[in-house]
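Bear in mind the structure is a predicted one, so any value in this text is a computation, not a measurement.
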Amino acid sequence: MSELYIRVAEDENEEPMEIPSEDDGTVLLSSVAAQFPGACGLRYRNPESQCMRGVRLVEGVLHAPENDWGNLVYVVNYPKDNKRKMDEIDAASAVKIKRGFQKTSDLIVLGLPWKTTEQDLKDYFSTFGEVIMVQVKRDAKTGNSKGFGFVRFTDYETQTKVIAQRHMIDGRWCDCKLPNSKVSLACPDEPMRSRKIFVGRCTEDMTTDDLRQYFMQYGEVTDVFIPKPFRAFAFVTFADDQVAQALCGEDLIIKGVSVHISNAEPKHNNIHQLFPNFPGGSATLAAMFDRSQYQFPSSHV
């Protein structure tokens with residue numbers, strides 16, 4: 001049997017995604033889970049009875065109803081614990097909405113193709129709802145795109161929908177998320193947000209060129225540092241701190257390996273607290289530390 005694609009969605013009312021079948025017409029649960037993490041099965045609405053039916057699952061393999069997937073939209077099943085958590089999240093969101101009007105924020109769009117313009121961004125995101133603002137960040141000297149930009153919507157519901165999915169813009173998958181800048185804006189006494197990220201779980205076959213090429217899809221990379229001797233981590237510095245902060249907390253796949261991104265916190269951030277009376281102040285002490293002297297993020301200690 002030739003390969004076909006079945007339509008799968010997280011909810012009946014959402015736009016489905018096509019999942020490839022195997023040569024024998026079955027679909028692997030792992031193929032579904034790759035697009036819908038945590039999926040444990042599929043169900044569909046029977047056209048005759050209008051009741052939901054489960055798709056037969058045997059040892060990780062999903063079998064077509066009556067040997068024909070047809071043109072139905074299949075809905076993802078999740079474990080009950082996951083569903084309960086989602087229900088709790090939905091309830092919490094409803095409480096927030098009842099408290100008052102939810103204002104929209106500028107969203108950062110990572111991984112933009114170099115050729116993408118403001119008009120391209122506006123045309124794409126206008127399909128989700130009314131767009132207030134779009135911007136592609138560019139180099140001040142060359143005018144070339146830095147590979148990321150910003151968008152803002154009129155409605156909070158539109159913003160939530162956009163954040164919840166990935167976006168194909170000019171032939172490339174892009175991520176749209178809320179920059180991790182709200183805390184700094186609320187607390188002006190905090191130090192400037194770092195442009196540097198800590199890349200954990202690196203392997204020895206990853207070179208500085210590998211990391212530079214990978215992270216350039218998110219924005220301009222100014223420096224890549226891998227300690228020697230090898231210690232299974234690296235540091236990557238971006239030209240813009242918003243790109244660095246937006247990537248923190250993510251698990252990314254580089255050369256087939258899952259790496260974890262977190263904040264790179266210089267040891268001298270707290271030098272003035274450790275040595276308040278040091279002659280010349282913390283700036284003098286900070287100069288004593290080269291770029292390799294960083295704390296391990298708490299999640300990697």
Peer 1: With no hydrogens and no angle check, is any side-chain donor or acceptor of Q35 less than 3.5 Å from a backbone partner on V32?
Peer 2: no
Peer 1: Go through the steps to decide whether V131 and T154 satisfy the test side chain to side chain contact (heavy atoms under 4.5 Å, CB included), and finish with yes or no.
Peer 2: CA-CA 6 Å; V131 175; T154 301; over 6 Å; no
Peer 1: Any side-chain heavy atom of D240 within less than 4.5 Å of one from R195?
Peer 2: no
Peer 1: Are any non-hydrogen side-chain atoms of F215 and L247 less than 4.5 angstrom apart?
Peer 2: yes
Peer 1: Heavy atoms only: give me the nearest A9-P16 pair and the separation to one decimal.
Peer 2: CB-CA, 3.8 Å
Peer 1: Determine yes or no for a side-chain-to-main-chain donor-acceptor pair under 3.5 angstrom, with R7 supplying the side chain and N71 the backbone.
Peer 2: yes
Peer 1: Please tell me whether W69 and Y74 form a close aromatic pair, meaning their ring centres lie under 6.0 Å apart.
Peer 2: yes
Peer 1: Centres of the H260 and F233 rings: under 6.0 Å?
Peer 2: no
Peer 1: Hey, what do you get for CD (Q135) to CG (D106), rounding to the nearest 0.5 Å?
Peer 2: 8.5 Å
Peer 1: Any chance NZ of K255 has more than 12 other-residue heavy atoms, nucleotides or ligands included, within less than 6.0 Å?
Peer 2: yes
Peer 1: Is S262 reaching over with its side chain to a backbone N or O of C248, donor-acceptor style, under 3.5 angstrom?
Peer 2: no
Peer 1: Where do K161 and E14 land on the salt bridge (Lys or Arg N to Asp or Glu O under 4.0 Å) test, with the steps shown first?
Peer 2: CA-CA 11 Å; K161 182 178 179 181; E14 292 187 1; over 6 Å; no
Peer 1: Does S31 use its side chain to pair, donor to acceptor, with the backbone of V27 at less than 3.5 Å?
Peer 2: no
Peer 1: Any side-chain heavy atom of Q159 sitting closer than 4.5 Å to one from L107?
Peer 2: yes
Peer 1: Are E48 and R53 within salt-bridge range, i.e. N to O under 4.0 Å?
Peer 2: no
Peer 1: Flag the pair I132 / E130 as yes when at least one side-chain heavy-atom distance between them is below 4.5 Å, and no otherwise.
Peer 2: no
Peer 1: Among side-chain atoms of T203 and D205, is any donor-acceptor pair under 3.5 angstrom?
Peer 2: yes
Peer 1: Give the minimum heavy-atom separation between S145 and V136, together with the two atoms involved.
Peer 2: OG-CG1, 3.6 Å
Peer 1: Over all heavy atoms of both residues, which pair between L62 and L29 is shortest? Give the atoms and the distance, please.
Peer 2: CD1-CA, 4.2 Å
Peer 1: Can you find a pair of side-chain heavy atoms, one from E118 and one from R138, that are under 4.5 Å apart?
Peer 2: yes
Peer 1: Do C176 and F125 come close enough that some side-chain heavy atom pair is under 4.5 Å?
Peer 2: yes
Peer 1: Side-chain contact test, heavy atoms from C-beta onward, threshold under 4.5 Å: evaluate it for T116 versus I169 and give yes or no.
Peer 2: yes
Peer 1: Step by step, would you call K115 with D170 a side chain to side chain contact (heavy atoms under 4.5 Å, CB included)?
Peer 2: CA-CA 8 Å; K115 65 179 182 179; D170 286 343; 3.8 Å; yes
Peer 1: Give a yes or no answer on whether the side chain of T160 reaches the backbone of Y156 with a donor-acceptor pair at less than 3.5 Å.
Peer 2: yes
Peer 1: Is Y214 reachable from W114 through a run of hydrophobic residues whose side-chain heavy atoms are each under 4.5 Å from the next?
Peer 2: yes
Peer 1: For residues 37-46, which residue pairs pass the side chain to side chain donor-acceptor pair (under 3.5 Å) check, not counting sequence neighbours?
Peer 2: E12-R45, R43-N77
Peer 1: Evaluate F238 against V221 for side chain to side chain contact (heavy atoms under 4.5 Å, CB included), listing each step before the verdict.
Peer 2: CA-CA 4 Å; F238 290 93; V221 175; 3.9 Å; yes
Peer 1: Passes side chain to side chain contact (heavy atoms under 4.5 Å, CB included), L252 versus Y218? Steps please.
Peer 2: CA-CA 12 Å; L252 306 174; Y218 297 107; 3.8 Å; yes
Peer 1: Test of understanding: clusters of I, L, V, M, F, W, Y form through side-chain heavy atoms closer than 4.5 Å, transitively. Do V76 and V73 belong to the same one?
Peer 2: no
Peer 1: Testing the basics here: between G171 and M168, what is the closest heavy-atom pair and its distance to 0.1 Å?
Peer 2: C-SD, 3.2 Å
Peer 1: Any donor-acceptor pair under 3.5 Å linking the side chain of T127 with the backbone of Y124?
Peer 2: yes
Peer 1: Rounded to the nearest 0.5 Å, what's the gap from NZ on K196 to CZ on F235? Could you check?
Peer 2: 7.0 Å
Peer 1: Tell me whether I261 shares a hydrophobic cluster with I254, the cluster being built from Ile, Leu, Val, Met, Phe, Trp, Tyr side chains joined at under 4.5 Å.
Peer 2: yes
Peer 1: With a 3.5 Å distance limit and no angle check, can you tell me whether H167 reaches the backbone of V162 through a side-chain donor-acceptor pair?
Peer 2: yes
Peer 1: Going only through I, L, V, M, F, W and Y residues with side-chain contacts under 4.5 Å, is there a path from L28 to F36?
Peer 2: no
Peer 1: Just verifying a value: how many Å separate L110 CG and Q217 CD, rounded to the nearest 0.5 Å?
Peer 2: 9.0 Å
Peer 1: To the nearest 0.5 Å, what is the distance between OG1 on T104 and CZ on R152?
Peer 2: 4.0 Å
Peer 1: State, with a plain yes or no, whether a side-chain heavy atom of Q245 is found less than 4.5 Å away from one of N263.
Peer 2: yes
Peer 1: Using 4.0 Å as the upper bound for N to carboxylate O, is an ion pair formed by R201 and D251?
Peer 2: yes
Peer 1: Please report the interatomic distance CG(D139) to CG(N144), rounded to the nearest 0.5 Å.
Peer 2: 6.5 Å
Peer 1: Determine the minimum heavy-atom distance between C174 and G111, stating which atoms define it.
Peer 2: SG-O, 3.3 Å
Peer 1: Answer yes or no: is there an ion pair linking D175 with R166, defined by an N-O contact shorter than 4.0 Å?
Peer 2: yes
Peer 1: Step through the shown structure and confirm whether more than 12 heavy atoms of other residues, nucleotides or ligands are within 6.0 Å of CD on Q50.
Peer 2: yes
Peer 1: Over 60° means perpendicular and under 30° means parallel, so tell me whether F150 and F148 are parallel, tilted or perpendicular.
Peer 2: perpendicular
Peer 1: Working to the nearest 0.5 angstrom, can you tell me the gap between K146 NZ and Q242 CD?
Peer 2: 10.0 Å
Peer 1: So, for I163 and L178, which heavy atoms are closest and what is the spacing to 0.1 Å?
Peer 2: CD1-N, 4.4 Å
Peer 1: Please determine whether residues V8 and M52 belong to a single hydrophobic cluster, defined as Ile, Leu, Val, Met, Phe, Trp and Tyr linked transitively by side-chain heavy-atom distances below 4.5 Å.
Peer 2: no
